[in-house]
**Student:** 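Attaching a single structure in structure tokens format; questions to follow.
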Amino acid sequence: MKVIAGSASGLLAGRLAKALGCQLIKPEVRRFPDSETYVRIPKDVKGEHAVVVQSTCAPANDNLVELYLLLDTAKDLGARCVTALVPYFGYARQDKRFKPGEAISARAVCKLVERAGADELLTVDIHEDEIMKNFAIPAHNLSAMSLIGRYLAKLHMRAPAILGADQGSLARARRVAAELAAEYDYFEKTRLTPTKVVTKPKRLDVAKRDVVIIDDIISTGGTVVEAARVLKKQKARKIYAACTHPVLVNNALKKISAAGVLKVIATDTIEHKTSTVSVAPLIAGAIR
Ligand code: R5P
């Protein structure tokens with residue numbers, strides 16, 4: 001087996017190769033002066049199981065094209081089996097036609113990965129599990145929530161309450177809470193515009209308790225900031241936020257910290273200073 005590190009996922013690819021005890025290949029990736037992407041896999045992959053690791057985080061389009069070229073090249077160079085490991089699967093939030101005429105981007109990206117020659121797909125906490133049904137190849141969505149829960153257990157929180165940022169994150173909160181034997185719930189969230197959300201308090205009493213807000217993605221931070229505001233009003237003690245994918249655009253982290261969130265805990269599906277939990281053992285286990 002050989003692990004091929006896409007440029008968005010070098011750190012995780014290295015950790016994965018180490019966990020699997022196999023060779024790590026660092027492809028040559030460059031931009032042509034006209035912005036096109038150049039890719040070269042400098043080591044032999046003929047007859048091998050090649051695992052191409054590439055998150056399609058920002059710059060999303062460049063990373064997506066690089067993923068496509070790496071998969072196509074690995075296959076073309078004679079790899080026996082090509083696994084597309086896309087730890088953060090970008091475009092997943094546009095999984096429906098919300099307005100007439102819109103692209104169903106998540107589905108289109110699934111087609112692209114398959115068309116590139118991937119024999120199987122692995123991802124982590126994809127925004128909606130339903131997206132996996134777009135694949136005809138075997139496709140697996142792993143969850144980092146237990147790993148996050150185990151990390152949180154070491155923080156020795158007081159009467160912890162684990163709250164999904166919205167109903168979609170209730171199952172995630174449940175998995176995290178199981179690791180701490182904690183109570184869990186979710187926030188009722190209504191999105192007004194792409195950057196503005198209104199969050200209603202839910203039934204759990206959080207007064208004087210340590211609370212963790214759980215989400216799959218933290219992007220602009222708007223969801224977490226609003227949740228933190230509600231929790232402060234309810235006199236929560238310490239507030240944490242945890243997610244799988246620290247998209248964290250612009251000054252999101254600053255906004256979150258200014259809202260009173262003590263710490264953001266995330267994984268290395270996207271390389272960021274908040275990525276304190278590695279999903280390498282989870283993925284290595286799945287590949288084995
Ligand atoms: C949306 O449904 C997702 O699960 C996240 O809640 C959302 O992407 C977070 O975005 P933001 O940080 O911009 O509020």
Side-chain angles (χ1 to χ4, degrees), residues 55-60 63 86-99 102-107 109 123-132 141-145 148-149 162-177 184-202 211-232 239-267 269-275 277 279:
S55 277
T56 49
C57 50
N63 287 335
V86 188
Y88 170 67
F89 197 98
Y91 283 105
R93 284 174 288 176
Q94 184 67 37
D95 59 337
K96 291 180 188 70
R97 186 164 285 139
F98 299 99
K99 283 189 202 157
E102 282 183 348
I104 304 175
S105 312
R107 188 182 66 188
V109 173
T123 188
V124 184
D125 288 317
I126 197 163
H127 180 60
E128 282 293 341
D129 208 37
E130 286 287 297
I131 296 169
M132 307 307 279
N141 178 29
L142 310 173
S143 175
M145 291 300 147
I148 290 174
I162 312 297
L163 300 187
D166 56 21
Q167 194 164 8
S169 278
L170 176 62
R172 298 184 180 111
R174 187 188 305 127
R175 289 182 92 139
V176 172
Y184 64 93
D185 198 357
Y186 72 97
F187 287 91
E188 230 166 27
K189 180 175 87 171
T190 314
R191 187 169 282 281
L192 301 179
T193 69
T195 52
K196 199 162 187 321
V197 290
V198 168
T199 307
K200 282 198 240 151
K202 281 302 290 182
V211 182
V212 188
I213 305 158
I214 300 287
D215 216 337
D216 54 336
I217 298 167
I218 303 177
S219 180
T220 64
T223 305
V224 168
V225 166
E226 180 59 15
R229 189 188 63 79
V230 171
L231 292 173
K232 289 201 110 181
I239 304 171
Y240 300 88
C243 68
T244 305
H245 312 294
V247 172
L248 292 166
V249 296
N250 304 328
N251 59 347
L253 201 53
K254 257 195 183 157
K255 281 182 354 197
I256 290 170
S257 154
V261 174
L262 217 60
K263 191 174 175 163
V264 174
I265 296 121
T267 81
T269 58
I270 297 176
E271 292 172 18
H272 189 268
K273 62 179 169 190
T274 58
S275 305
V277 176
V279 291

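Start at 1 and go down the list; that is how both ligands and their atoms are numbered. Predicted model only: the values in this text are computed from it and were never measured.
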**Student:** Identify each donor-acceptor pair in which a side-chain atom of residues 250-263 lies under 3.5 Å from a protein atom, sequence neighbours left out, and give them as a table.
**Tutor:**
unit_1, atom_1, unit_2, atom_2, d
K255, NZ, T220, O, 3.0
K263, NZ, Y151, OH, 3.0

**Student:** Could you list the atoms of ligand 1 found under 4.0 angstrom from a heavy atom of D216?
**Tutor:**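 Those of ligand 1 that fall under 4.0 Å from D216 are 3 (C), 4 (O), 5 (C).
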
**Student:** Between D95 and R107, is there a salt bridge with N-O shorter than 4.0 Å?
**Tutor:**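 Looking at R107 and D95, the cut-off is not met.
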
**Student:** Run down the list I213, L248, T220, T223 and name the one with the heavy atom closest to atom 13 (O) of ligand 1.
**Tutor:** T220

**Student:** Using a heavy-atom cut-off of under 4.0 Å, does the side chain or the backbone of V224 touch ligand 1, or both, or neither?
**Tutor:**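 The answer is neither; V224 stays 4.0 Å or more away.
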
**Student:** For ligand 1, which atoms, with element, lie under 4.0 Å from some heavy atom of G221?
**Tutor:** 11 (P), 12 (O), 13 (O)

**Student:** How long is the gap from CG on D215 to OG on S169, to the nearest 0.5 Å?
**Tutor:**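 Here the rounded value is 4.0 Å.
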
**Student:** Counting C-beta onward and ignoring hydrogens, is there a side-chain heavy-atom pair between I148 and T244 closer than 4.5 Å?
**Tutor:**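 A side-chain contact under 4.5 Å exists here.
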
**Student:** Find all atoms of ligand 1 within a distance of less than 4.0 Å from any non-hydrogen atom belonging to D215, and give their numbers and elements.
**Tutor:**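 With D215 as reference, the close atoms of ligand 1 come out as 3 (C), 4 (O), 5 (C), 6 (O).
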
**Student:** Side chains of Q94 and E102: do they bring a donor and an acceptor to under 3.5 Å?
**Tutor:**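 Distance-only check passes for Q94 and E102.
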
**Student:** Can you tell me if A165 has a non-hydrogen atom under 4.0 Å from ligand 1?
**Tutor:** no

**Student:** Answer with yes or no whether R93 contacts ligand 1, where contact means a heavy atom under 4.0 Å from a ligand atom.
**Tutor:** yes

**Student:** Looking only at distances, can you tell me whether any N or O atom of I218, backbone or side chain, sits closer than 3.5 Å to an N or O atom of ligand 1?
**Tutor:** no

**Student:** How many angstroms lie between atom OG of S143 and atom CZ of R175, to the nearest 0.5 angstrom?
**Tutor:** 4.0 Å

